[in-house]
Amino acid sequence: MLTTNEIIREGHPTLRMAAKEVDLPPTQEEKDTLNEMLQYLINSQDPETAMKYNLRPGVGLAAPQINVPKRMIAVHIADETGKQHSYALLNPKIVSHSVEKSYLTTGEGCLSVDREVAGFVPRYARVTVKATTVQGEQVKLRLKGLVAIVFQHEIDHLNGVMFYDHINKQDPFHIPENAVAIE
Ligand SMILES: CNC(=O)c1cccc(C)c1Nc1nc(N2CCN(c3ccccc3Cl)CC2)nc(N2CSC[C@H]2C(=O)NC)n1
Ligand code: NI
């Protein structure tokens with residue numbers, strides 16, 4: 001099983017690489033890796049399992065973070081109704097987005113960053129993502145709120161972008177023009 005030890009940290013060159021498209025259909029190894037990434041997130045959110053294996057909690061993980069420079073991401077997140085959503089996706093692509101911006105009022109954290117980086121990360125408030133699921137179906141996801149932020153954070157990892165690259169250097173807590181605050 002994946003543990004936090006397998007997650008590479010900032011400074012590792014793979015985090016700054018552009019990850020490669022996965023040829024479809026994915027190999028069994030690629031499917032296993034993506035399922036392990038999703039299982040990591042599920043385990044990391046279970047207090048007992050996280051304690052037992054010393055797992056740092058996350059709601060999103062990108063393959064470059066486990067030193068696999070391929071365009072694969074996993075997201076496991078509860079929506080505002082408390083319903084859990086799991087995504088294990090190949091070649092995710094933002095095909096359209098709102099002009100309106102949003103940001104996490106808490107700032108963002110990253111499993112590859114072992115420090116607090118203060119500041120708001122301006123993101124698109126709404127994104128439409130096209131991807132292939134690990135089961136091989138094409139999906140088109142229209143996302144907003146926290147899940148939209150998580151998807152943008154993880155897709156950034158596929159392009160070698162870290163969340164703090166977006167923080168305003170002059171004024172880290174600058175609020176983007178008419179942005180939506182996500183608690
Ligand atoms: C909502 N913000 C905050 O709670 C937040 C709050 C304070 C400071 C910061 C800096 C915050 N920011 C932040 N906190 C998270 N977690 C909060 C705890 N949680 C979790 C923990 C335990 C069980 C279950 C779960 Cl679910 C796991 C996820 N995650 C992200 N990000 C940024 S996008 C990708 C995503 C990610 O998975 N990073 C590892 N940012
Ligand atoms: Ni990250």
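As the structure is a computational prediction, the values presented were derived from the model and not from experiment. Along the sequence shown, residues are numbered consecutively beginning with 1. Both ligands and their constituent atoms are indexed starting at 1 by order of listing.
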Inset, instruction - Could you give me the CA-CA distance, side-chain angles and deciding distance for Thr33 and Glu36, then say whether side chain to side chain donor-acceptor pair (under 3.5 Å) is met? - result: CA-CA 5 Å; Thr33 299; Glu36 276 186 283; 4.7 Å; no
Legend entry - SG (Cys110) - the Ni ion (ligand 2) - NE2 (His153) angle, nearest 10°: 120°
Inset, instruction - Anything under 30° is parallel, anything over 60° is perpendicular, the rest tilted; go ahead and classify Tyr124 against His97. - result: parallel
Legend entry - Stepwise side chain to side chain donor-acceptor pair (under 3.5 Å) check, Glu29 with Thr27: CA-CA 5 Å; Glu29 185 189 12; Thr27 63; 4.9 Å; no
Inset, instruction - Name whichever N, O or S atom of His157 ends up nearest to the Ni ion (ligand 2). - result: NE2
Legend entry - salt bridge (charged side-chain N to carboxylate O under 4.0 Å, His left out) partners of Lys70, counting only residues at least two apart: Glu30
Inset, instruction - Would you please say whether a donor-acceptor pair under 3.5 Å links the side chains of Asn91 and Thr132? - result: no
Legend entry - Expected output: side-chain Arg71 to main-chain Ala19 donor-acceptor under 3.5 Å: yes
Legend entry - Ile66 CD1 to Thr4 OG1 distance, which is reported to the nearest 0.5 Å: 12.0 Å
Pairs under 3.5 Å, nitrogen or oxygen of ligand 1 with protein nitrogen or oxygen:
residue	atom	partner	partner atom	Å
ligand 1	2 (N)	Thr106	OG1	2.9
ligand 1	12 (N)	Gly107	O	3.0
ligand 1	31 (N)	Gly109	O	3.4
ligand 1	37 (O)	Val59	N	2.8
ligand 1	37 (O)	Gly60	N	3.4
ligand 1	38 (N)	Gly109	O	3.0
ligand 1	40 (N)	Gly109	N	3.1

